[in-house]
Amino acid sequence: MRKRIANPKANIIKKGVLDMAKVSASVFTSHVPAIGAALDMGKSQEPYWQPLFKGYEFSKQWMKDNKPDAIFLVYNDHATAFSLEMIPTFAIGCAAEFKPADEGWGPRPVPMVYGHPELASHIAHSVIQQDFDLTIVNKMDVDHGLTVPLSLMCGEVDAWPCPVIPFAVNVVQYPVPSGNRCFQLGKAIGKAIRSFEQPLNVQIWGTGGMSHQLQGPRAGLINKEFDAKFLDLLINDPTSAAAIDHMEYVREAGSEGIELVMWLIARGAMSDVDGGPAAELIHRFYHVPASNTAVGHAILKNN
Ligand code: DHB
Ligand code: FE
């Protein structure tokens with residue numbers, strides 16, 4: 001579908017917008033490991049879990065109806081692939097495949113994650129040229145931070161629906177990146193995807209959160225008001241969401257609530273923050289409790 005431009009002598013062939021990759025939607029979801037365990041142990045219809053999985057029924061159908069060609073999945077590693085020996089702030093998985101990690105109970109019985117080395121390398125090149133420092137990862141196991149969102153959105157499947165590019169953000173060991181840094185990085189990733197010369201439909205996912213604290217005297221903290229405000233801002237006023245500072249996350253959303261900065265990467269890749277038409281809210285869901293965590297979820301369609 002190449003479009004010839006009017007200069008037959010030079011025989012220049014210019015790529016039209018239809019030939020380029022696009023960001024078709026962004027997906028936001030928590031990644032609680034107990035959700036993966038509930039699925040893997042056949043407990044999803046138990047009274048504790050049933051209301052949570054019900055909130056993802058729409059999303060699973062939407063995924064089937066809007067199958068992407070690739071998913072750029074922003075998540076955090078929980079000292080699984082990385083440790084205190086090496087802590088990249090932003091790491092992009094450029095490998096052809098990523099094994100589900102053994103987090104202490106054996107790997108989850110979920111499909112292998114196949115990457116998209118060509119698109120990942122393009123994004124790495126483009127984003128680094130846009131002045132963001134990324135760590136290139138060519139071998140990495142992926143933990144619940146990545147596999148639980150895939151399970152929630154795709155269900156129990158023999159193969160994930162498309163290639164997945166893992167993008168790991170350090171939100172575990174201080175210092176962690178600010179929400180605004182993540183939002184700006186998301187803009188750069190959006191530009192990178194849109195400059196890939198293949199007509200791919202790419203979804204970008206931001207995962208982790210919502211409010212939760214797993215440690216210290218405030219362990220168990222959930223803040224429904226903060227979560228609702230964050231979702232409102234994320235959807236309608238992402239620039240204000242990006243201005244939430246580090247201490248506010250820790251104070252209001254708990255020490256592990258800082259995982260929410262990853263949602264701003266996905267939000268930053270949407271066209272509306274770059275002068276395009278407004279994003280369309282397709283689905284919004286919130287549920288407490290899931291283990292120690294408030295679960296939030298939204299789908300935004302790019303227009
Ligand atoms: C829980 C939540 C997390 O985000 C995580 O990484 C580990 C545990 C929890 O709610 O138990
Ligand atoms: Fe986590």
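Side chains are part of it too, since the values below use all heavy atoms of this structure and drop only hydrogens, waters and symmetry mates. Just follow the structure's listing: the first ligand is 1, and inside any ligand the first atom is 1.
Counting backbone and side-chain atoms alike, Glu259 contributes an N/O/S atom closer than 2.8 Å to the Fe ion (ligand 2). In summary, no N, O or S atom of His212 is located under 2.8 Å from the Fe ion (ligand 2). At least one N/O/S atom of His31, whether from backbone or side chain, sits less than 2.8 Å from the Fe ion (ligand 2).
Note on ring orientation: taking the six-membered ring where Trp is involved, the planes of Phe196 and His122 are tilted (angle from 30° to 60°). Taking the six-membered ring for Trp and thresholds of 30 and 60 degrees, Phe53 and Trp49 have ring planes inclined between 30 and 60 degrees apart. The aromatic rings of His297 and His283 lie perpendicular to each other, with more than 60° between the two planes, well past the 30° mark.
Distances from ligand 1 to the non-hydrogen atoms of Pro33 include at least one value under 4.0 Å. Residue-ligand proximity: His212 is placed with a non-hydrogen atom under 4.0 Å from ligand 1.
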Given Phe167 and Tyr75, is the ring-ring contact (aromatic ring centres under 6.0 Å, His included) satisfied, shown in steps? CA-CA 6 Å; Phe167 189 85; Tyr75 78 110; 8.9 Å; no
Tell me, with the steps shown, if Glu248 and Lys229 meet salt bridge (Lys or Arg N to Asp or Glu O under 4.0 Å). CA-CA 12 Å; Glu248 187 174 348; Lys229 181 187 112 179; 3.1 Å; yes
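Protein heavy atom at the shortest distance from atom 6 (O) of ligand 1 is His78 NE2, 2.7 Å.
Close approach to His31 involves these atoms of ligand 1, each under 4.0 Å from a residue heavy atom: 3 (C), 4 (O), 6 (O). Listed by number with element, the atoms of ligand 1 under 4.0 angstrom from any heavy atom of Thr293 are 1 (C), 2 (C), 9 (C), 10 (O).
Only the side chain of Glu259 comes within 4.0 Å of ligand 1, counting heavy atoms alone; its backbone N, CA, C and O stay farther away.
In Asp65, the CG atom is crowded: over 12 heavy atoms of neighbouring residues, nucleotides or ligands sit closer than 6.0 Å.
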